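Below is one structure; the comments refer to it alone.
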Amino acid sequence: MSKVHTTIALPTGQKITIPTGLFINNEFVPALGGETLETVNPSTEEVICSVSAAQAADIDRAVQAARTAFKTTWGKHCPGTERGKLMHKLADLMERDAQVLAELEAVDNGKPVKIARDFDIGDSVGCIRYYAGWADKNHGQTIETNDLQKLAYTKHEPIGVCGQIIPWNYPIQMWAWKVAPALACGCTIVMKPSELTPLSALKLCELIVEAGFPPGVLNCVPGYGAVAGHALTYHLDVDKVAFTGSTITGRKIMEAAAKSNLKKVTLELGGKSPNLIFESADLDQAANWCLLGITYNMGQDCTAGSRVYVQDTVYDKFIQLLVKKFEQVKVGNPYDEKTFNGPLVSKGQFEKVLGFIEEGKKAGAKVLTGGGREGTKGYFVKPTIFAGVHPEMRIVKEEIFGPVLAVAAFKTEAEAISLANATTYGLGAGLHSNDAKQCMRVSGALEAGTVWVNQYNLLNNNVPFGGYKQSGIGRELGQYALANYTNVKAVHFNYGEELEWPLV
Amino acid sequence: MATHLKYTFEAPCPYKGTADFSTGIFIDGKFTAGSEGKTIEVFNPTNGKKVCDISEGTPADVDTAVKVAHRAFQTSWGLKVPGSERGRLLMRLADLIEKNAEELAAIEALDNGKAYSIALDFDVTQSAAVIRYYGGWADKIQGKTIEVDETKFAYTLHEPIGVVGQIIPWNFPLYMLSWKLGPALACGNTVVLKTSEFTPLSALRVCTLINEAGFPPGVVNIITGYGQTVGAAIANHMDIEKVAFTGSTLVGRSILKASANTNLKKTTLELGGKSPNIIFDDCNLEDAVKWTAFGIMFNHGQCCCAGSRVYVQEGIYDKFIASFAAHIKTLKVGDPMDPDTFQGPQVSQIQYDRIMGYIQSGKEEGATLLTGGERHGKEGYFIQPTVFTDVKPNMKIVREEIFGPVVVVVKFKDEDDILHQANDTFYGLAAAVFSRDISRAILVASRLQAGTVWVNCYNKLHPQVPFGGYKQSGVGRELGEYALANYCNIKSVQINIGAPAP
């Protein structure tokens with residue numbers, strides 16, 4: 001076996017070869033210093049394999065490759081229509097390989113194969129196709145000015161070399177969300193996938209080669225945040241960094257940009273998103289959406305609806321429904337098509353979530369269901385509901401990133417809004433009501449980048465997504481994402497005005 | 001019994017396959033005979049010989065198609081299908097057009113007379129590009145949310161109109177099909193389209209690709225027939241809410257009248273032109289000569305935007321004329337299937353007669369014939385590339401659209417002189433400026449009354465750049481994002497969230 005590939009056995013018995021090197025200039029290469037990191041299967045707690053771990057020198061190499069490609073074969077040297085065509089090919093190839101990619105994702109991340117294939121990868125393919133369509137439609141404007149002899153217009157140019165740092169909760173989908181708009185706009189990329197889930201990103205790079213992207217357009221270098229991420233965010237030749245992850249790390253990214261070359265920064269960070277259940281809501285439906293909101297992806301979702309506030313008149317009835325449905329969630333082997341919840345992604349996350357659960361119990365909150373580990377092997381956690389909480393508890397204020405829900409009651413609409421907005425986060429929010437005017441009022445009052453009315457969690461590739469307050473800067477998805485990868489140049493073309501000198 | 005074409009292409013055509021497909025009318029995903037069982041003969045303009053029969057559509061067929069298209073719109077298209085799915089099908093169609101490029105190019109050359117190599121490199125390639133471009137727009141049809149005040153939530157929805165009627169000409173049969181289908185389908189409309197009775201074949205071949213791509217039956221319906229029957233039926237139909245027409249200004253008027261007399265269907269028109277090409281003293285002469293020749297002789301002069309009036313500044317007039325005449329003589333006129341051919345025959349006997357009539361009038365009105373002016377060869381509708389000089393502004397060949405390989409060249413003095421002459425027409429489709437002085441070019445461009453102004457080039461179109469006419473050259477724009485406006489109904493929704501009743 002080479003130093004940059006390895007063969008692993010999937011739980012179905014099938015063996016696949018996966019790349020393990022750093023992907024630079026369309027080739028897989030070992031880290032210059034030979035460093036590696038191990039990635040673990042969270043269902044079995046066993047090591048899957050090792051992949052190369054990028055150091056600062058490797059980041060330099062990758063950035064150089066991206067810069068060269070930007071100046072020669074990409075950026076303004078490749079028409080948008082061409083970029084779109086390559087992206088469509090990439091989408092077709094992902095669709096072709098959906099099953100094997102889903103199985104790899106399940107082994108590395110723990111999410112169920114069926115969900116990885118039908119949702120993560122299905123939506124990712126859609127995302128790439130969506131942005132492929134934008135590639136030749138990033139229009140500037142011509143602008144009439146007061147100067148009668150000036151042609152003023154804007155050009156929407158690609159920013160340049162973009163560093164992209166993605167998390168471990170949706171490895172393939174986060175890869176797609178970052179890669180698609182950047183490529184559509186003509187930027188080149190140095191992507192650092194999470195050290196917890198590097199495998200699918202590297203496997204996708206094989207498709208980048210197969211689709212025909214020029215070398216250096218997309219480079220993918222797994223590594224540790226403190227090493228590779230640090231080098232990337234401080235790099236003087238990276239024009240922009242896009243980060244999805246925790247708010248704590250988000251601050252470090254901004255600091256790095258400020259201290260290096262003021263690279264443009266967009267951040268998609270954490271959340272403590274509320275779901276509000278009003279008395280006129282269809283309680284059964286609302287309960288289903290709340291469940292989706294906190295148990296989907298094992299609660300490892302930046303928009304997880306981790307706080308549910310229920311109007312007191314329907315509180316008991318709703319809680320009863322909620323608990324019953326929680327107990328229907330099937331937690332188990334990701335390779336079982338009936339599984340809804342796999343394990344959490346890693347030992348570290350597992351311990352963190354169990355820690356919050358213990359904290360909640362100590363603080364006096366009541367466990368209505370769940371409340372601990374599921375089984376004895378693998379990082380499985382029981383979907384958990386805490387009641388009897390108060391706003392100062394850590395389980396109510398802090399992002400847990402697991403299948404742990406805090407519920408409380410409210411009396412009035414104003415109180416609900418106030419509770420919902422009492423957070424430094426502002427990523428998502430949901431409200432459930434059959435009163436149309438209430439829906440309008442409350443959705444207007446919620447301080448969140450995405451507000452769901454009578455729904456939760458479901459996103460669309462063409463609708464923007466991002467945070468208010470400390471949940472982030474900038475928007476992803478939709479047409480809005482193009483702005484993240486575009487430099488606007490205003491051109492003032494004088495075709496007749498002469499300047500007198502001296503002026504006075 | 002629907003008619004059928006089976007035709008094997010032979011040398012010198014580089015494509016040597018067999019075209020084998022139904023030439024019936026295409027409604028609800030099926031090919032059938034027209035309701036009256038009649039047929040139309042299709043001729044090869046290279047030799048005047050009959051190629052095949054195609055089924056003739058009738059007004060009754062239009063009625064059937066509209067019903068079918070309406071059903072499809074209510075059930076399997078329109079807002080019942082997400083934009084991303086509409087886009088995916090359009091992408092698939094573009095891929096299939098590319099996959100069958102050579103056959104389509106050969107069919108186009110056979111039916112229309114344009115050179116095979118040009119049909120392949122331009123018509124078929126660009127048709128796929130336009131379909132692909134609009135495939136990308138399908139899930140990006142966006143309205144706005146609009147701030148009013150605290151008591152109002154206002155937004156717009158860009159909805160598909162429904163069943164749209166489309167009538168396309170014979171000069172770029174496949175390419176014009178792509179301009180019409182692309183934006184209409186992307187926006188979620190269903191289509192009843194009439195091809196020209198002179199050039200129906202490539203569209204019918206595309207119908208098999210539409211089925212292969214997976215479009216639901218009834219989304220696209222294509223009927224060949226005559227303007228006075230099928231065309232009029234579409235323009236007058238009470239259940240078609242929008243018609244898009246490309247063709248002559250004369251017929252365009254009747255389309256607009258029909259709309260006024262029936263249900264005020266939204267109408268966009270892409271009509272004729274008599275586009276001026278302005279060559280300044282400071283141009284790159286060699287390039288200007290080549291672009292100018294291309295501007296009028298491309299597609300045998302059968303372009304709505306043909307640069308059919310060339311104005312050359314007096315300082316370089318003599319040099320230009322000499323170089324231009326010499327260059328024109330190098331354009332190869334001949335068998336479209338020959339890979340070296342630039343100019344094939346005109347599309348039909350009628351067009352041939354019309355153009356020769358104009359040439360005759362040029363001679364009779366006293367213009368100087370610099371080159372050409374006669375039939376080329378002894379069979380087929382070939383005309384020599386023809387250049388007239390010493391013309392006067394009121395001559396027919398200067399004022400009227402000839403739609404053939406005939407150009408008039410005029411000497412001019414300066415900017416004011418030329419702008420007056422260039423704009424002295426009720427047409428306004430295109431224009432061009434050749435000059436090395438970019439400031440002068442921008443200034444002149446801003447003063448030309450034309451929907452497209454080319455600077456230092458001619459006849460260059462791109463799927464993403466809009467195209468359409470000023471004045472009597474048309475209503476509305478095709479290509480680019482602008483075309484989407486033709487195929488959407490804008491609905492403003494105003495939700496009261498607090499204003500008390502009056």
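As the structure is a prediction and not an experimental result, all values here were calculated from the model.
Note that CD1 of I495(B) is 4.5 Å distant from CE of M440(A), once rounded to the nearest 0.5 Å. The structure places OG of S446(B) at 9.0 Å from CG of L151(A), a figure rounded to the nearest 0.5 Å. For the atom pair OG (S443(A)) and CZ (F153(B)), the distance works out to 7.5 Å, reported to the nearest 0.5 Å. Of the inter-residue distances, the one linking D136(A) atom CG with R132(B) atom CZ reads 10.5 Å to the nearest 0.5 angstrom.
Other residues, nucleotides and ligands place no more than 12 heavy atoms under 6.0 Å from the NE2 atom of H420(B). In the displayed structure, K155(A) atom NZ is contacted under 6.0 Å by at most 12 heavy atoms of other residues, nucleotides or ligands. Within a 6.0 Å radius of NZ in K152(B), more than 12 heavy atoms belonging to other residues, nucleotides or ligands are found. Taking a 6.0 Å sphere around OH of Y482(B), one finds it holds 12 or fewer heavy atoms contributed by other residues, nucleotides or ligands.
Between T81(A) and Q464(B), the closest heavy-atom pair is OG1-NE2, 3.8 Å.
Using a 4.5 Å cut-off on side-chain heavy atoms (C-beta onward), D139(B) and Y130(A) make contact. Side-chain contact between M91(B) and R129(A) is absent, with no heavy atoms from C-beta onward closer than 4.5 Å.
Looking at N461(A), there are no atoms closer than 4.5 Å to chain B (heavy atoms on both sides), in backbone or side chain. With a threshold of 4.5 angstrom between heavy atoms, R440(B) does not approach chain A through any atom at all. Neither the backbone nor the side chain of D437(B) comes within contact range of chain A; no heavy atoms are under 4.5 Å apart.
Considering only heavy-atom pairs separated by less than 4.5 Å from chain B, the leading option among Q149(A), K437(A), H88(A) is H88(A). Contact count against chain A (heavy-atom pairs under 4.5 Å) is highest for S439(B) among P463(B), S439(B), G480(B).
Using a distance-only test at 3.5 Å, with no hydrogens or angles considered, no donor-acceptor pair links the side chain of N462(A) to the main chain of K140(B). Remark: side-chain polar atoms of K137(A) are paired, donor with acceptor, to backbone N or O of Y133(B) under 3.5 angstrom.
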As a quick check of understanding, evaluate side chain to side chain contact (heavy atoms under 4.5 Å, CB included) for I438(B) and Y495(A), giving each step before the final call. CA-CA 8 Å; I438(B) 194 68; Y495(A) 60 85; over 6 Å; no

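Using a 30° and 60° split on the angle between ring planes, W137(B) and H139(A) fall in the tilted class, from 30° to 60°.
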